[in-house]
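What follows is a single structure, written as structure tokens, with notes after it.
Worth knowing before you read on, the calculation uses all heavy atoms, side chains too, and leaves out hydrogens, waters and symmetry mates. The shown structure was predicted, so the numbers you read here are calculated from the model rather than taken from an experiment.
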Amino acid sequence: MLSKNFSINDDYKVLLFVKQGFYAETYRVKGNDGKLYFLKLFNYSQLHKSAFDVNNNILEIELVKSIQHPNLVTYKDSGEIVIENKKYAYLVLNFIAGETLSEKIIREKYKSLYDIKSIIIEILEGLKYLHQQANPIIHNEITLQNVMLDLAQGNPKTKIIDFGYAREFHQSSKVFNKEGLNPNFLATECFHNIYSPQSDLFSVGIVLYQLIYNSLPWIIDVSKFKGKQTELEDKIVEERKKKIKFPNVSDDIIDFDDDITNIIKKALHTDTEVRFSSVDEFIKALKGEVIVDDIDTIQIQKSDKEPTKKKTKYSSVAKGKGFSAIAGMQDLKNQLQVDVIDALRNPEEYEKYGVTIPNGMLLFGPPGCGKTFFAKHFAEEVGFNFMLIKPSSLKSRYVNATQENIAKMFEEAEENAPTIIFIDEMNELVPNRDSDAHEMSKSAVNEMLAQMDRTGEKGIFIIGATNYPHMIDPAILRAGRLDKKFYLSPPDFEARKAMFEMYLKSRPIDFGMDYEKLANLTNNFVAADIELLVNDASRNALKIKGRITMEILENVIKNTKPSVSITELNKYEVLRKKMDGGNAPIIDKTNERQIIGFKK
């Protein structure tokens with residue numbers, strides 16, 4: 001469409017054509033500032049109606065405008081232009097000096113599993129940011145062609161590109177247009193117009209397999225099914241019933257570890273209840289922080305046994321440091337001591353004065369601020385058993401199954417009382433029934449409300465955690481349920497300093513670490529960001545076979561932005577004031593934050 005030196009509104013000059021998409025063309029352009037950019041030109045006449053948001057703006061442009069993360073392509077500009085009496089939209093993206101993963105493995109195969117894992121983890125970090133937005137974003141097209149290696153910094157930085165098929169999780173998928181997507185990378189549920197964060201994780205599993213084995217786990221020639229989409233999808237589903245083949249690559253990859261095959265099997269399982277439930281779970285498996293059992297062995301063992309009642313595993317709380325392991329937050333600790341802990345430990349005393357035994361509380365705030373960490377140490381402080389629950393372990397596609405799983409969870413908690421039930425991502429389990437939530441989700445809310453009645457008297461205390469408290473059904477947050485709400489903010493100076501000390505303690509570090517300087521350089525970074533910074537610095541030091549130095553850390557910090565922007569933090573502050581009529585405990589004051597973190 002555009003020839004060399006073509007001018008876009010006198011702001012950008014076309015240098016060369018990059019690629020042709022299903023509905024858009026991409027070019028390399030030069031701006032008036034002398035910098036290089038990517039420009040994506042949209043042909044309005046070829047855009048499907050699902051490519052537009054409710055305000056009739058191009059969804060891809062609006063989504064890219066709203067995101068900012070080191071592992072995602074970033075927005076520069078957008079607008080419209082008339083060419084030969086036809087109107088086109090354009091999106092300008094900051095230039096990435098590098099190559100796609102597809103180009104990389106054609107040129108040179110990876111020889112190190114460590115390098116492959118590092119790339120996959122960076123892809124997952126980008127997806128984690130998307131999935132944790134107030135309205136979670138599903139990318140829907142994670143492929144080798146849509147991941148670039150930015151070589152501008154010396155150490156390649158992985159970036160997800162092309163948001164042409166991205167959509168908000170809560171956006172209706174009835175009219176979503178799959179045409180142009182490579183079905184070999186799509187999760188099986190996507191063939192039924194069900195798109196979720198787990199669908200993205202399936203695609204990442206395909207990419208992981210490709211980087212290791214240089215082929216697809218299931219090979220279907222898409223070109224043979226032109227115009228026969230349903231037939232193609234049926235063929236892919238049938239093919240995926242076969243076991244994945246794992247060729248011997250131990251001679252090609254120097255540090256190959258057979259455990260990676262179990263991770264791939266889990267990532268690519270057709271049953272979403274078996275697959276990784278979240279980005280964090282996937283990352284922990286890749287880092288070796290959790291062991292993934294062989295799915296095939298587990299299924300054989302299950303088939304040899306009589307059907308048993310499915311139970312939600314609980315972990316008996318070992319003696320731990322409790323609140324002493326959490327730096328600061330003294331006001332919140334004191335309030336919990338009076339309102340919750342004393343009541344849980346001495347229910348008879350409280351009953352004597354007619355004081356109601358509490359049922360639960362809600363921890364909310366930006367992602368990465370340690371809500372799970374706080375809940376575990378709260379359980380240690382109280383001395384209760386601890387059940388860590390993910391909505392994916394309770395939710396089911398089958399009618400009434402979710403309600404049954406919720407009932408079993410409370411039954412087991414009562415059997416092992418006193419018990420704390422910690423439910424992460426609470427909004428996923430009990431969404432607002434006034435929204436467009438599925439009828440089965442509404443039934444789950446009703447079941448939770450029924451089960452939460454007077455749980456305090458049964459020795460059960462519920463802790464819900466969420467990044468999106470406004471998406472939880474209001475009835476869950478009313479008196480007698482999760483009526484106590486506590487806001488957790490990003491860590492302050494002292495907490496950031498303590499975190500750097502903790503994460504660097506067992507690694508090969510240089511002399512003269514200035515932890516105060518590191519804390520000063522990371523204002524508004526959450527705990528998860530600081531862990532990521534230390535991991536990136538460790539990888540950089542490993543590549544040069546040297547120690548982790550202040551210079552390496554400072555360079556990593558300089559090239560990394562906080563995963564939660566100032567704009568998002570301000571939104572959370574407004575949200576905090578709305579919760580509980582503006583009276584929710586504040587664990588954040590711009591320059592006087594309470595410490596949230598760890599003590600050595």
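- Side-chain contact check for S563 versus V526: some heavy-atom pair is nearer than 4.5 Å.
- For the pair K371 and F422, the cation-pi test (distance below 6.0 Å, angle within 45°) is failed.
- Taking every heavy atom of both residues into account, V445 and P431 meet most closely at CG2-O, 3.5 Å.
- Under the 4.5 Å side-chain criterion, counting only non-hydrogen atoms from C-beta, P197 is not in contact with L127.
- In this structure, M448 and F410 have side chains that are in contact, with non-hydrogen atoms separated by less than 4.5 Å.
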R507 vs N535, side-chain contact (heavy atoms from CB on, under 4.5 Å): CA-CA, chis, key distance, verdict
CA-CA 10 Å; R507 308 190 194 213; N535 288 338; 3.0 Å; yes
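- N524 has its side chain out of reach of V564: every pair of non-hydrogen atoms, C-beta onward, lies at least 4.5 Å apart.
- Contact detail for M361 and L482: the closest heavy-atom pair is N-CD2, 3.6 Å.
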K265 and F246: side-chain contact (heavy atoms from CB on, under 4.5 Å), yes or no, with the steps?
CA-CA 10 Å; K265 287 178 185 178; F246 294 99; 3.6 Å; yes
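- At distances below 3.5 Å, not a single donor-acceptor pair connects side-chain atoms of Y110 with backbone N or O atoms of I105.
- Checking side-chain atoms of N359 against main-chain N and O of M452 turns up a donor-acceptor pair under 3.5 Å.
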Show your reasoning for whether side chain to side chain donor-acceptor pair (under 3.5 Å) applies to S199 and E189.
CA-CA 8 Å; S199 308; E189 65 268 16; 3.2 Å; yes
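- A 4.5 Å side-chain heavy-atom check between E141 and L181 finds at least one atom pair inside the cut-off.
- For the atom pair CG (L429) and CD1 (I423), the distance works out to 5.5 Å, reported to the nearest 0.5 Å.
- F185 approaches L144 most closely through the heavy-atom pair CE2-N, 4.4 Å.
- Between I552 and N555 there is no side-chain heavy-atom pair separated by less than 4.5 Å.
- Atom CD of E494 sits about 5.5 Å away from atom NZ of K497, to the nearest 0.5 Å.
- Within the 3.5 Å criterion, the main-chain N or O of D257 finds no donor-acceptor partner in the side chain of D255.
- Among K241, K242, R240, K235, the one residue that satisfies the salt bridge (charged side-chain N to carboxylate O under 4.0 Å, His left out) test with E238 is K241.
- Using cut-offs of 30° and 60° for the angle between ring planes, the F163 and H139 rings count as perpendicular.
- Note that CD of E103 and CZ of R107 are 9.5 Å apart. Values are rounded to the nearest 0.5 Å.
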Could you walk me through whether K245 and Y213 pass the side-chain contact (heavy atoms from CB on, under 4.5 Å) check?
CA-CA 10 Å; K245 294 180 180 179; Y213 301 102; over 6 Å; no
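- Distance check: T188 OG1 to H269 NE2 gives 10.5 Å after rounding to the nearest 0.5 Å.
- Listed here is the closest heavy atom pair of F256 and S250: CB-CA, 4.2 Å.
- Remark: K287 NZ is packed, more than 12 non-hydrogen atoms of other residues, nucleotides or ligands lying under 6.0 Å away.
- Using a distance-only test at 3.5 Å, with no hydrogens or angles considered, a donor-acceptor pair links the side chain of N184 to the main chain of I220.
- Within the 4.5 Å cutoff, side-chain heavy atoms of P490 are placed close to those of P366.
- Between K390 and E281, no side-chain nitrogen of the basic residue sits less than 4.0 Å from a carboxylate oxygen of the acidic one, so the salt-bridge criterion is not met.
- Side-chain atoms of R547 never come within 3.5 Å of backbone atoms of D510 as a donor-acceptor pair (strictly under, hydrogens ignored).
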Given side-chain contact (heavy atoms from CB on, under 4.5 Å), test I260 with L286 step by step and report yes or no.
CA-CA 8 Å; I260 194 69; L286 290 169; 4.0 Å; yes
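- Considering only heavy atoms from C-beta on, F276 comes within 4.5 Å of K266 through its side chain.
- In this structure, Y195 has its ring center at least 6.0 angstrom away from the ring center of Y165.
- In this structure a side-chain-to-backbone donor-acceptor pair under 3.5 Å is present from T522 to A519.
- Here L211 contributes atom CG and K117 contributes atom NZ; the two are 13.5 Å apart, rounded to the nearest 0.5 Å.
- Taking CE of M148 as the reference point, atom CG of D162 lies at 11.5 Å (rounded to 0.5 Å).
- R496 places a side-chain N or O within donor-acceptor distance of the main-chain N or O of P491, the cut-off being under 3.5 Å.
- Side chain of Q198 to main chain of T272: a donor-acceptor pair is present (N/O by atom type, distance under 3.5 Å, no hydrogens or angles).
- When atom types are taken as modelled, the side chain of Y515 and the backbone of M499 share no donor-acceptor pair closer than 3.5 angstrom.
- Side chains of N540 and N155: a donor-acceptor N/O pair is present below 3.5 angstrom, by distance only.
- K157 has a carboxylate O that lies under 4.0 Å from a charged side-chain N of D536, or vice versa, which qualifies the two as a salt bridge.
- For F384 against T419, the heavy-atom pair with the smallest separation is CD2-N, 3.8 Å.
- Taking the six-membered ring where the residue is Trp, F374 and F378 present parallel rings, their angle staying beneath 30° rather than reaching 60°.
- The aromatic rings of F202 and W218 lie parallel to each other, their planes meeting at an angle below 30°, with 60° marking the opposite boundary.
- Minimum interatomic distance between V147 and I161 (heavy atoms only, all atoms of both residues): N-CG1, 4.3 Å.
- Formation of a donor-acceptor pair under 3.5 Å by the Y572 side chain with backbone atoms of N467 is found in this model.
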